[in-house]
Asks: 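Dropping a structure here in structure tokens format, bear with me for questions.
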Amino acid sequence: MKSSNAAILVITLILCSTLLDISNADLSPQPSAQSPTSLATAPGFCNNKCGVRCALKGINSRCMKYCLMCCGKCSCVPSGTSGHLDECPCYRDWKAPNGRPKCP
């Protein structure tokens, strides 16, 4: 009786482990489908564009943080250090919860 209970316990643990591995496989991140011709996928695109955009904001500002976030979502950054928001409508129209512009 004890050996059959032990065998059932071992089989149950193996099945649970297998089911856990299968369920975790579905949770793994999938690569996003982006156009290979998109400029934003080129290495350093957002860093370069946001570096120009935030050049006059100072080293300790949050400009780069928000610019990189906006560039990642919108795949574009307006030229210059300010203004020119019509070049990138997504960048222009993304608002913070308080209604102010999210992107610098």
Side-chain angles (χ1 to χ4, degrees):
M1 184 73 172
K2 288 184 181 183
S3 63
S4 65
N5 286 342
I8 292 173
L9 178 63
V10 169
I11 292 172
T12 304
L13 289 174
I14 291 171
L15 287 174
C16 289
S17 174
T18 304
L19 291 175
L20 183 63
D21 287 341
I22 292 171
S23 66
N24 283 342
D26 293 337
L27 297 176
S28 62
Q30 301 296 320
S32 60
Q34 292 183 351
S35 168
T37 58
S38 172
L39 291 175
T41 60
F45 172 80
C46 289
N47 283 332
N48 292 338
K49 295 291 269 184
C50 289
V52 171
R53 186 81 178 165
C54 297
L56 301 178
K57 305 289 193 222
I59 294 173
N60 295 325
S61 75
R62 290 178 276 184
C63 182
M64 280 295 286
K65 174 185 172 185
Y66 289 106
C67 183
L68 290 171
M69 182 175 29
C70 294
C71 179
K73 178 182 178 192
C74 300
S75 300
C76 64
V77 175
S79 62
T81 56
S82 65
H84 307 285
L85 295 175
D86 290 335
E87 295 175 5
C88 186
C90 170
Y91 195 96
R92 175 194 65 213
D93 297 337
W94 195 11
K95 303 291 184 195
N98 63 4
R100 293 174 53 192
K102 181 89 165 179
C103 305

Asks: Using distance only, find each side-chain donor-acceptor pair of residues 94-103 under 3.5 Å and give its atom names and separation, not counting sequence neighbours.
Replies:
| from | atom 1 | to | atom 2 | distance (Å) |
| --- | --- | --- | --- | --- |
| Asn98 | OD1 | Arg100 | N | 3.0 |

Asks: If I take atom SG from residue Cys54 and atom CG from residue Leu68, how far apart are they, to the nearest 0.5 angstrom?
Replies: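 Interatomic distance, Cys54 SG to Leu68 CG, rounded to 0.5 Å: 7.5 Å.
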
Asks: Is the backbone N or O of Pro104 less than 3.5 Å from a side-chain atom of Tyr91, with the two atoms forming a donor-acceptor pair by type?
Replies: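 Yes; judged by distance alone, with no hydrogens or angles, the pair exists.
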
Asks: In terms of SG positions, are Cys46 and Cys71 separated by less than 2.5 Å?
Replies: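 Yes; the two sulfurs sit under 2.5 Å apart.
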
Asks: Should the SG-SG distance of Cys70 and Cys90 be recorded as below 2.5 Å?
Replies: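 Disulfide absent: SG-SG distance not under 2.5 Å.
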
Asks: Quick one: which residue pairs count as a salt bridge (Lys or Arg N to Asp or Glu O under 4.0 Å) with a foot in residues 72-81, not counting sequence neighbours?
Replies: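 The answer is none; no pair qualifies.
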
Asks: Please examine the side chains of Cys76 and Phe45, heavy atoms only from C-beta on, and report whether any two atoms are closer than 4.5 Å.
Replies: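 The answer is no; the side chains never approach within 4.5 Å.
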
Asks: Under 4.5 Å between any side-chain heavy atoms of Cys50 and Tyr66, yes or no?
Replies: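 No, every pair of side-chain atoms sits at 4.5 Å or beyond.
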
Asks: Let me check something: any side-chain donor-acceptor pairs from residues 79-88 under 3.5 Å, sequence neighbours excluded? List them with distances.
Replies:
| from | atom 1 | to | atom 2 | distance (Å) |
| --- | --- | --- | --- | --- |
| Ser79 | OG | Glu87 | OE1 | 3.1 |
| Ser79 | OG | Glu87 | OE2 | 2.9 |
| Asp86 | OD1 | Arg92 | NH1 | 3.0 |
| Glu87 | OE1 | Ser79 | N | 2.8 |

